[in-house]
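So the structure is just underneath, and the comments pick up after that.
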Protein chains: 2
Amino acid sequence: MSNAFIRRLDSVERLTKVERQAIAEATKNVQKVGARRAILREGDRNGGAHIILSGLACRYRILEDGSRQITDFLVPGDLCGCDYIAGADTGYSLAALSPCSFTHIDHQSLTVLMDRHPRIARALWSLALINEGVLREWLANVGRRPAVRRVAYLMSELCFRLLASESPRPSSCALPLTQIDLADATALSPVHINRVLGRLREKRFVSLQRRSIIVKDTEGLMSFAEFSGNYIQPRAHDA
Amino acid sequence: MSNAFIRRLDSVERLTKVERQAIAEATKNVQKVGARRAILREGDRNGGAHIILSGLACRYRILEDGSRQITDFLVPGDLCGCDYIAGADTGYSLAALSPCSFTHIDHQSLTVLMDRHPRIARALWSLALINEGVLREWLANVGRRPAVRRVAYLMSELCFRLLASESPRPSSCALPLTQIDLADATALSPVHINRVLGRLREKRFVSLQRRSIIVKDTEGLMSFAEFSGNYIQPRAHDA
DNA sequence: CGCGGTATTGACACTATTCAACATCAGTGG
DNA sequence: CCACTGATGTTGAATAGTGTCAATACCGCG
């Protein structure tokens with residue numbers, strides 16, 4: 001009667017048993033998809049939202065010239081696809097980076113859920129606002145930081161989010177990303193990413209494997225990147 | 001009994017008279033501030049949200065090295081500051097670019113408003129999702145587009161939002177931005193912005209004034225930038 | 001076993017930055 | 001009313017950082 005999504009909502013707005021149950025009911029149809037598979041292609045808008053329950057996915061957009069910009073990573077508990085519900089269409093796609101399980105919730109059910117349970121509505125709103133904060137951080141990262149810092153920062157954030165539920169935070173973390181993925185997320189070229197990773201390896205922050213990157217020293221990387229998770233982690237519930 | 005914020009909410013979720021009145025009541029204390037003044041400084045978190053009612057403002061963040069990244073522009077009807085309510089702290093500031101009027105709504109009132117009026121809650125959620133879409137667009141813009149296109153795109157979006165309520169769209173639009181503002185929004189250097197603007201002036205899209213930029217041909221600029229407002233403008237209400 | 005995506009490395013090109021000098025203008029105080 | 005000042009805008013030259021191209025290596029998968 002609990003999944004990553006429920007835990008996420010509960011972390012921003014304490015939910016009652018009834019509320020948790022209502023969410024569980026609405027998200028009970030779990031689908032699975034293999035690594036590197038599409039979850040949602042641009043244009044396929046069926047009016048609902050996707051919720052990642054396990055694995056790592058990314059949302060991206062293809063620009064006019066064919067280049068790809070990854071705009072966010074989705075970790076378990078993340079919700080995606082509601083901009084269509086909001087009436088806009090941002091033309092992105094959604095793909096699994098590692099094997100993922102996810103659920104789909106249609107517009108109608110979500111509306112009912114929010115109308116019946118104000119705390120759920122508030123929690124969803126809070127999640128959207130936190131997402132906004134993350135996007136602002138990405139914007140500043142891509143816009144202003146030089147390549148090495150930029151990559152370090154992005155990996156720090158991803159580690160932070162992937163490990164958010166573990167305490168104490170493990171010192172290592174495997175990121176199922178190719179160098180091309182990293183390039184598309186940081187807006188650098190794959191060639192340059194390769195060189196940047198070389199430097200981060202020299203500093204002993206990461207080690208490289210084919211199709212994945214192991215962060216060996218999360219503390220070191222985060223401090224090098226001057227990363228702080230304040231914009232992600234909600235305050236503890238008021239006492 | 002109507003202001004830019006009410007109209008904005010109403011455009012994403014049709015509101016009843018009672019709901020509009022409740023919002024009007026909560027946003028009745030209007031403040032004014034001159035051009036180039038701070039509305040909210042980093043660190044001043046009093047736990048509420050600001051709503052821009054007239055004028056143009058921007059939200060920005062100062063990075064470790066002192067550089068500034070503008071992360072969004074706020075046009076009348078826009079809400080800002082709720083990430084703190086969501087429990088996170090993204091450390092930004094808010095400044096007026098032109099003379100602005102705005103109102104402040106505290107955490108408590110907002111919560112009450114959402115709990116009592118599910119449609120308001122949904123509308124706020126929708127606005128947040130649309131904002132997310134805009135931020136993704138900025139990310140792709142800053143990450144992947146070359147300077148001239150990038151600047152053209154940003155100005156297109158800003159014109160689009162400033163003129164959204166006017167129909168037909170006027171062909172010219174004054175943007176109260178210095179070249180430094182533009183640089184901080186597009187993540188380019190002021191010097192380069194100056195050169196880019198020279199080129200856009202040659203193409204007759206804009207004309208330059210001290211401390212402001214006049215877009216003389218909104219259609220031409222938008223088509224040059226390959227801008228489309230689909231990600232901003234909500235669909236018309238279902239029939 | 002070969003194929004396709006990925007990773008690595010070097011040489012070179014190019015965009016945008018930095019630095020510097022100077023011009024312009026609005027606002028301010030004498 | 002004028003001179004001063006500080007922010008903004010403009011231009012050129014040199015440079016740094018990253019992209020592009022190309023060649024090669026690697027490896028999992030069919």
Side-chain angles (χ1 to χ4, degrees), chain A residues 34-38 58 63 65-70 95-99 141-154 174-202 206-214, chain B residues 34-38 58 63 65-70 95-99 141-154 174-202 206-214:
Chain A
R36 310 264 125 205
R37 301 325 219 110
C58 71
L63 295 235
D65 68 346
S67 61
R68 179 173 79 144
Q69 176 70 51
I70 293 180
L97 292 170
S98 67
N141 196 40
V142 165
R144 291 303 187 190
R145 278 196 264 259
V148 181
R149 284 297 241 11
R150 192 190 303 183
V151 172
Y153 196 94
L154 185 100
L175 307 179
L177 300 174
T178 65
Q179 297 185 9
I180 296 173
D181 295 329
L182 253 189
D184 288 340
T186 53
L188 293 164
S189 68
V191 172
H192 205 60
I193 285 286
N194 184 277
R195 291 173 176 141
V196 163
L197 285 177
R199 294 222 247 154
L200 293 175
R201 199 185 44 199
E202 279 169 18
V206 305
S207 70
L208 305 184
Q209 297 204 353
R210 199 178 172 72
R211 302 181 133 261
S212 79
I213 293 155
I214 317 287
Chain B
R36 310 261 126 205
R37 301 326 218 107
C58 73
L63 296 236
D65 68 347
S67 61
R68 178 174 80 144
Q69 176 69 51
I70 293 180
L97 292 170
S98 67
N141 196 40
V142 165
R144 291 304 187 190
R145 277 195 263 261
V148 181
R149 285 293 243 11
R150 192 190 301 182
V151 172
Y153 196 95
L154 186 101
L175 307 179
L177 299 174
T178 66
Q179 296 186 10
I180 296 173
D181 295 329
L182 211 53
D184 288 340
T186 53
L188 292 164
S189 68
V191 173
H192 204 57
I193 284 287
N194 182 276
R195 289 169 180 147
V196 163
L197 284 176
R199 294 222 247 152
L200 293 175
R201 199 185 44 198
E202 279 170 19
V206 306
S207 69
L208 304 184
Q209 297 204 353
R210 197 175 177 73
R211 302 182 132 258
S212 80
I213 293 157
I214 317 287

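Chain naming here is simple, since letters A, B, ... match the order of the sequence lines and numbering starts at 1 in each.
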**Study point:** Atom-to-atom span, CZ of R149(A) to P of dT18(D) - whole angstrom
**Key:** 12 Å

Check your understanding: Between the main-chain N or O of R145(B) and the side-chain N or O of R150(B), is there a donor-acceptor pair closer than 3.5 Å?
Key -> yes

Exercise for review: Identify whether any heavy atom of A187(A) sits under 4.0 Å from a base atom; if not, whether one sits that close to sugar-phosphate; answer base, sugar-phosphate or nothing.
Suggested key: sugar-phosphate

Exercise for review: Compare every heavy atom of V142(A) with every heavy atom of A185(A), then report the nearest pair and how far apart it is.
Suggested key: O-CG2, 4.1 Å

Point to revise | Pairs where residues 179-189 of chain B contributes a residue and the test salt bridge (charged side-chain N to carboxylate O under 4.0 Å, His left out) is met, not counting sequence neighbours | key: R144(A)-D184(B), R36(B)-D181(B), R68(B)-D181(B), R68(B)-D184(B)

Review point. If you take all heavy atoms of A187(A) and Q69(A), which pair is closest and at what distance?
Key: CB-OE1, 3.8 Å

**Study point:** Partners passing salt bridge (charged side-chain N to carboxylate O under 4.0 Å, His left out) against R149(A) (at least two apart in sequence or in another chain)
**Key:** E226(A)

Study note, to complete from the structure: Hits for side-chain hydrogen bond (donor to acceptor under 3.5 Å, both in side chains) against S67(B), two or more places apart or cross-chain, chain-then-number order -> D65(B)

Revision key, fill the gap. Atom CG of L188(A) and atom C1' of dA16(D) are separated, to the nearest Å, by 15 Å

Check your understanding: What string of B, S and - do you get for nucleotides 5-11 of chain D, 5' to 3', if B is base contact, S is sugar-phosphate-only contact and - is no contact with any protein heavy atom under 4.0 Å?
Key -> --BBSSB

Exercise for review: At the 4.0 Å heavy-atom cut-off to chain B, mark where contacts on DNA chain C begin and end, going 5' to 3'.
Suggested key: dA16(C) to dC25(C)

Exercise for review: Decide yes or no on side chain to side chain contact (heavy atoms under 4.5 Å, CB included) for V206(B) and I214(B), but give the supporting numbers first.
Suggested key: CA-CA 5 Å; V206(B) 306; I214(B) 317 287; over 6 Å; no

**Study point:** Angle of first-five versus last-five pair axes in the helix from dC1(C)-dG30(D) to dG30(C)-dC1(D), to 10 degrees
**Key:** 40°

**Study point:** Qualifying residues under side-chain contact (heavy atoms from CB on, under 4.5 Å), relative to A96(A), sequence neighbours excluded
**Key:** V33(A), I39(A), C100(A)

Practice item. Please identify each residue that fulfils side-chain contact (heavy atoms from CB on, under 4.5 Å) with E202(B), with sequence neighbours left out. Key: none

Could you pull out all donor-acceptor pairs under 3.5 Å where a side-chain atom in residues 189-199 of chain A meets a protein atom, sequence neighbours excluded?
from    : atom 1 : to      : atom 2 : distance (Å)
S189(A) : OG     : H192(A) : N      : 3.2
N194(A) : ND2    : Q179(A) : OE1    : 3.0

